[in-house]
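Take a look at the structure below.
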Amino acid sequence: MWVLLAFSLYAAYLGLQVQRTRNAQGEEKKELIKGKFNVKHYQIGSILLALMVAGAVGGMAVTYINNGKLFVGPHLLAGLGMTSLIAFSAALSPFMQKGANWARVTHILLNFVILGLFTWQAITGVQIVQRILSNA
């Protein structure tokens, strides 16, 4: 999951480059367009969506199989929040492709909230692993 968090930060970087390309003019814009940041951002975002949803469902399934229940706590709640928000964020893509600025702004805000939740998720995940190892 730490690798996926780093992957998410890379997606954020690409998104910022897309925004930079959109706002650039002249030669700078021509150079930035060559980077194809929009295509890379879309592709990385699609992979992140799939892996994040699979990770959430898989994590809950493994926890339930091993313990017969889910533990309601910060880790589960952050994961459910991330899964919901990334679905909403991805659903904004058709609106952004048609030029809706409100969708673009909402997409950016949701993704920064997801990054915050993902950081919290990573920290609480390490705490859970430490607890499991100390009980073993």
Side-chain angles (χ1 to χ4, degrees):
M1 286 313 241
W2 282 92
V3 172
L4 193 56
L5 176 58
F7 205 53
S8 298
L9 291 171
Y10 178 62
Y13 164 78
L14 290 173
L16 293 172
Q17 294 306 311
V18 170
Q19 192 72 7
R20 191 170 151 224
T21 303
R22 181 174 279 104
N23 294 330
Q25 296 188 10
E27 286 301 314
E28 181 186 17
K29 187 166 189 152
K30 287 179 186 177
E31 277 303 308
L32 287 170
I33 288 172
K34 290 178 186 175
K36 296 185 180 181
F37 297 115
N38 58 340
V39 173
K40 291 176 187 175
H41 179 70
Y42 191 84
Q43 290 170 338
I44 296 290
S46 297
I47 293 167
L48 276 172
L49 172 63
L51 292 176
M52 209 174 276
V53 171
V57 172
M60 288 186 294
V62 167
T63 300
Y64 188 79
I65 289 167
N66 287 339
N67 302 290
K69 65 179 180 175
L70 293 178
F71 300 100
V72 179
H75 191 75
L76 175 65
L77 298 176
L80 291 173
M82 287 168 44
T83 304
S84 299
L85 292 178
I86 199 165
F88 284 119
S89 182
L92 294 170
S93 290
F95 299 103
M96 289 186 292
Q97 289 172 346
K98 290 184 178 179
N101 201 45
W102 65 267
R104 199 167 279 117
V105 170
T106 305
H107 177 80
I108 292 167
L109 289 173
L110 287 174
N111 287 342
F112 276 104
V113 171
I114 291 167
L115 277 175
L117 285 172
F118 205 166
T119 302
W120 179 251
Q121 182 79 348
I123 292 167
T124 58
V126 168
Q127 293 169 347
I128 291 168
V129 169
Q130 287 174 336
R131 205 172 326 132
I132 291 169
L133 292 176
S134 69
N135 291 336

(request) Check the pair R20 / E28 against side chain to side chain contact (heavy atoms under 4.5 Å, CB included), numbers first and verdict last. (result) CA-CA 10 Å; R20 191 170 151 224; E28 181 186 17; 3.8 Å; yes
First locate atom [atom1] of [X], then atom [atom2] of [Y], and finally report the distance between them rounded to the nearest 0.5 Å.
X: M52; Y: I47; atom1: CE; atom2: CD1; answer: 12.5 Å
X: F112; Y: F118; atom1: CZ; atom2: CZ; answer: 15.0 Å
X: Q43; Y: K36; atom1: CD; atom2: NZ; answer: 10.0 Å

With clusters defined by side-chain heavy atoms of hydrophobic residues (ILVMFWY) lying less than 4.5 Å apart, directly or transitively, does [Y] cluster with [X]?
X: L110; Y: L115; result: yes
X: V53; Y: V3; result: no
X: L92; Y: V39; result: no
X: I123; Y: L5; result: no
X: L117; Y: L9; result: yes

Check whether any side-chain heavy atom of [X] lies under 4.5 Å from a side-chain heavy atom of [Y], and answer yes or no.
X: Q121; Y: P74; result: no
X: M82; Y: I86; result: no
X: F37; Y: L16; result: no
X: H107; Y: R104; result: no
X: M1; Y: L4; result: yes
X: N111; Y: L85; result: no
X: K69; Y: F71; result: yes
X: I44; Y: Y13; result: no

(request) Let me see the working for T106 and F88 under side chain to side chain contact (heavy atoms under 4.5 Å, CB included), right down to the final yes or no. (result) CA-CA 9 Å; T106 305; F88 284 119; over 6 Å; no
Would the distance check show the side chain of [X] and the main-chain N or O of [Y] forming a donor-acceptor pair, the cut-off being under 3.5 Å?
X: K40; Y: G35; result: yes
X: H41; Y: L14; result: no
X: H75; Y: I128; result: no

(message) Atom CZ of residue position F7 - does it have more than 12 heavy atoms of other residues, nucleotides or ligands inside 6.0 Å?
(response) yes
(message) Please determine whether the number of non-hydrogen atoms from other residues, nucleotides or ligands lying under 6.0 Å from atom NZ of K30 exceeds 12.
(response)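 Open.
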(request) Apply side chain to side chain contact (heavy atoms under 4.5 Å, CB included) to the pair I114 and S8, showing each step before the final yes or no. (result) CA-CA 9 Å; I114 291 167; S8 298; over 6 Å; no
(request) Using the test ring-ring contact (aromatic ring centres under 6.0 Å, His included), find all partners of W2 that sit at least two apart in sequence or belong to another chain. (result)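 For W2 there are no ring-ring contact (aromatic ring centres under 6.0 Å, His included) partners, ignoring immediate neighbours.
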(message) Could you list the cluster mates of L80? Members are the ILVMFWY residues connected by side-chain heavy atoms closer than 4.5 Å, either directly or through other members.
(response)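 Hydrophobic cluster check, L80: joined to M60, Y64, L70, V72, L76, L77.
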